[in-house]
Amino acid sequence: MRRIGVIGIVLKNKEHVSEVNKLLSEYSDIIFGRMGVPDKESGINTISIMVKGTNEEVSALTGRLGRLDDVYVKSALTSMEVL
């Protein structure tokens, strides 16, 4: 069952941006929207990802992102089923 959800990503420093982008590219089949906002004042970057996928697909992506140093991840899936 595929659901719509959001993944929030916070990067503590820019060193891991390329690793995050690489992982997001690997999971591009479940991503249908993305917005990134850098906070130059604090040096923190935030990315919100809109996804359509199964619990397993979203968990796999968030798990891999969460294992990266200085990368913090939180996800929320709706109960709405989509095709």
Problem set entry | Heavy-atom closest contact (I4 atom, F32 atom, distance) | CG2-CZ, 4.3 Å

For this session: State, to 0.1 Å, how close I7 and S75 come at their nearest heavy-atom pair, and which atoms those are.
Result: CG1-CB, 4.0 Å

Exercise. Roughly how far, to the nearest 0.5 Å, is the CG atom of L23 from the OG atom of S28?
Worked result: 12.0 Å

For this session: Would you give the length of the straight line joining atom NZ of K40 to atom CG of N45, rounded to the nearest 0.5 angstrom?
Result: 10.0 Å

Problem set entry | Spacing of I49 atom CD1 and T62 atom OG1 [to the nearest 0.5 Å] | 12.0 Å

Exercise. Within a strict 4.5 Å, meaning less than it, do heavy atoms of the V17 and L11 side chains meet?
Worked result: yes

Problem set entry | Under 3.5 Å donor-acceptor, E19 side chain and H16 backbone | no

Exercise. What is the minimum heavy-atom distance between G36 and P38, and which atoms define it?
Worked result: O-CD, 4.0 Å

Exercise. Out of L61, N55, T54, which one pairs with E57 under the side-chain contact (heavy atoms from CB on, under 4.5 Å) rule?
Worked result: T54

Exercise. Just how far is it from atom CD1 of I47 to atom CZ of R34, taken to the nearest 0.5 Å?
Worked result: 4.5 Å

Exercise. CE of M50 to CD1 of I31: how many Å apart, nearest 0.5 Å?
Worked result: 9.5 Å

Seminar exercise, completed: CD of E81 to CZ of R2, rounded to nearest 0.5 Å, is 11.5 Å

For this session: Establish whether V73 and L77 are linked, either directly or via other cluster members, by ILVMFWY side-chain heavy-atom contacts under 4.5 Å.
Result: yes

Exercise. Of all heavy-atom pairs between I9 and L24, which one has the smallest distance, and what is that distance?
Worked result: CD1-CD2, 4.3 Å

Exercise. Donor-acceptor pair, S59 side chain versus E56 backbone, under 3.5 Å?
Worked result: no

For this session: Could you walk me through whether T78 and V6 pass the side-chain contact (heavy atoms from CB on, under 4.5 Å) test, one step at a time?
Result: CA-CA 9 Å; T78 66; V6 177; over 6 Å; no

